[in-house]
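Beneath this line is the structure, given in structure tokens, with notes to follow.
Predicted model, so just to flag it, every value in this text is computed and none were measured. Naming: A, B, ... by sequence-line order, numbering from 1 per chain.
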2 protein chains.
Amino acid sequence: MAKIKPGKNATKKDLIIEKAAALFRIRGFNAASMRELAEAVGVEAPSLYNHIGSKSELLQAICFKIADEFTSHLERVENTRSGNVVKIENIIRFHICMMLDEFDEVFVANHEWKHLKEPYLSNFLNQRRSYEKRFVALIEAGIKTKELKNINPYVAVLTILSAVRGLEFWQRHKKNLGPQVLQDDMVTHLLKGMIK
Amino acid sequence: MAKIKPGKNATKKDLIIEKAAALFRIRGFNAASMRELAEAVGVEAPSLYNHIGSKSELLQAICFKIADEFTSHLERVENTRSGNVVKIENIIRFHICMMLDEFDEVFVANHEWKHLKEPYLSNFLNQRRSYEKRFVALIEAGIKTKELKNINPYVAVLTILSAVRGLEFWQRHKKNLGPQVLQDDMVTHLLKGMIK
DNA sequence: TAAAAAAACTAATATCCGTTAGTTTTACAG
DNA sequence: CTGTAAAACTAACGGATATTAGTTTTTTTA
């Protein structure tokens, strides 16, 4: 069969990772087979190994690409001079955008990380914990400056991150509601509540 | 080896399902092997088949047990004469309790349902969709009676259900915060927001 | 206590999976 | 064109998995 060229600026490895993200999301990491992945790429299974080292390497690439994007965005926000509420709103909106723009990858990072092998598993969890702690610190700062209610900051972070993650169920209703309305509504709900 | 008796009122099948829920949660449905499950039960793998039909039957039992509990609770709430906000708060608190009391089962129902086989997969998804629609109706009613802001009810349900689901990450912080505080904080956050 | 039923065990099978080995084809540099 | 390297292919292996078959042990029943 003819060699298949990937898009201009992307390597074939990138194409494989992209297809892997979609497949891992739909079938789950363990249920997804390298033969299925090969078919999606348009190649026989062993040919994949000319470009990648192993199946778990694919999972690592996906998880850490996403983790790094979130981490570096948080760093950018921290170095801003805005108020804490603005910072928090910024983070919420970024999560929503990531969920909509890089759906497969974010989904896999959220759901399949447990199948990472050591030491990647520990690295990933440490990076997550660090992210959450820095988010908590932001909320604590907002409480100190009286911008926020005297809530438990851990519960708030938990609530926000989980709510935003729920956008993975969004696809169903995509037709009825634009992403901008969605973003605004969710930000309002999480910041100001739903009671009049 | 001697026959192992389950707890007084539970059949051996119930014991197997219970152990399966814990195992499926930790390892994932596909990664969890029947040999591992057998070891947890204290038996050789083929012996399991004296009590169950197949591995997927276990997943079905777990998923539908949880789905039915949520559905019947919703029905109870619907038949109540309380205000809509009280009903919504009731549902949120029930979700939190389920998450804390039947952690393994709820986790598996939330994460592993995609490995259900037809027609169970379709049944499960239909039951979920129905639940969400009835929840949406409750919020729409609250908007109509001016109890709630004029938010998009789909976004609200999405936000609430996802936030509550996030309690699966709770175990980490259990030591620092009691479940009652958690419940109250989360209900407040979801109903009234975090801004002062 | 003897017969019947339930539930354990051992052994084995068929299937699928990730991956390797070895070979052939394609693409590109000179 | 020609030679070289990259990337495709076919064939196959070793290991794990769910499950079945057949047998033996344990428990219950009468």
Exercise. Please determine, for the side chain of H51(A), which listed nucleotide (dT19(C), dA21(D), dA7(D)) has the closest atom?
Key: dA7(D)
Quiz item: Can you tell me how far P of dG18(C) sits from CG of L58(A), to the nearest Å?
Solution: 11 Å
Self-check item: Protein-nucleotide distance (L23(A), atom CG; dC17(C), atom P), rounded to Å
Solution: 11 Å
Self-check item: Nearest-angstrom distance from the residue atom CD of E57(B) to P of dA18(D)
Solution: 15 Å
Quiz item: Are S47(A) and dC9(D) close enough that a side-chain N or O sits under 4.0 Å from OP1 or OP2?
Solution: yes
Quiz item: For N50(A), what residues pass the side chain to side chain contact (heavy atoms under 4.5 Å, CB included) criterion, not counting sequence neighbours?
Solution: none
Practice problem: Could you tell me whether E57(B) and K13(B) make a salt bridge, using a distance below 4.0 angstrom between a side-chain N and a carboxylate O? | Solution: yes
Exercise. Return the 5'-most residue of the pair G53(A), L48(B) with respect to DNA chain C, ranking by each residue's nearest nucleotide.
Key: L48(B)
Quiz item: Taking atom types as they are modelled, is there a donor-acceptor pair under 3.5 Å from the base of dA8(C) to the side chain of N50(B)?
Solution: yes
Quiz item: Does dA8(D) have OP1 or OP2 sitting under 4.0 Å from an N or O in the side chain of K12(A)?
Solution: yes
Quiz prompt | Rounded distance (Å) that lies between atom C1' of dA8(D) and atom NZ of K13(A) | solution = 18 Å
Quiz prompt | E89(B): partners by salt bridge (charged side-chain N to carboxylate O under 4.0 Å, His left out), with sequence neighbours left out | solution = R93(B)
Quiz item: Expressed in angstrom and rounded to an integer, what is the separation of I52(B) atom CD1 from dT19(D) atom P?
Solution: 7 Å
Quiz prompt | Q127(A) versus D68(A), side-chain donor and acceptor atoms under 3.5 Å | solution = yes
Practice problem: Would you mind reading off the distance between L15(B) atom CG and dA7(C) atom P, rounded to a whole angstrom? | Solution: 13 Å
Practice problem: Within residues 26-40 of chain A, find the residues that approach DNA chain D with a heavy atom at under 4.0 Å, and present them sorted by residue number. | Solution: R35(A)
Practice problem: For the residue pair S56(B) and Q60(B), confirm or rule out a side-chain donor-acceptor distance under 3.5 Å. | Solution: no
Quiz prompt | Salt-bridge contact R25(B)-E168(B) (side-chain N to carboxylate O under 4.0 Å) | solution = no
Self-check item: Donor-acceptor pair between E75(A) and T71(A) side chains, under 3.5 angstrom
Solution: no
Quiz item: NZ of K55(A) versus P of dT20(C): gap in Å, rounded?
Solution: 14 Å
Practice problem: Round to the nearest Å and state the distance from E44(A) atom CD to dT26(C) atom C1'. | Solution: 16 Å
Quiz prompt | V43(A) side-chain proximity, nearest of dT19(C), dT19(D), dC9(D) | solution = dC9(D)
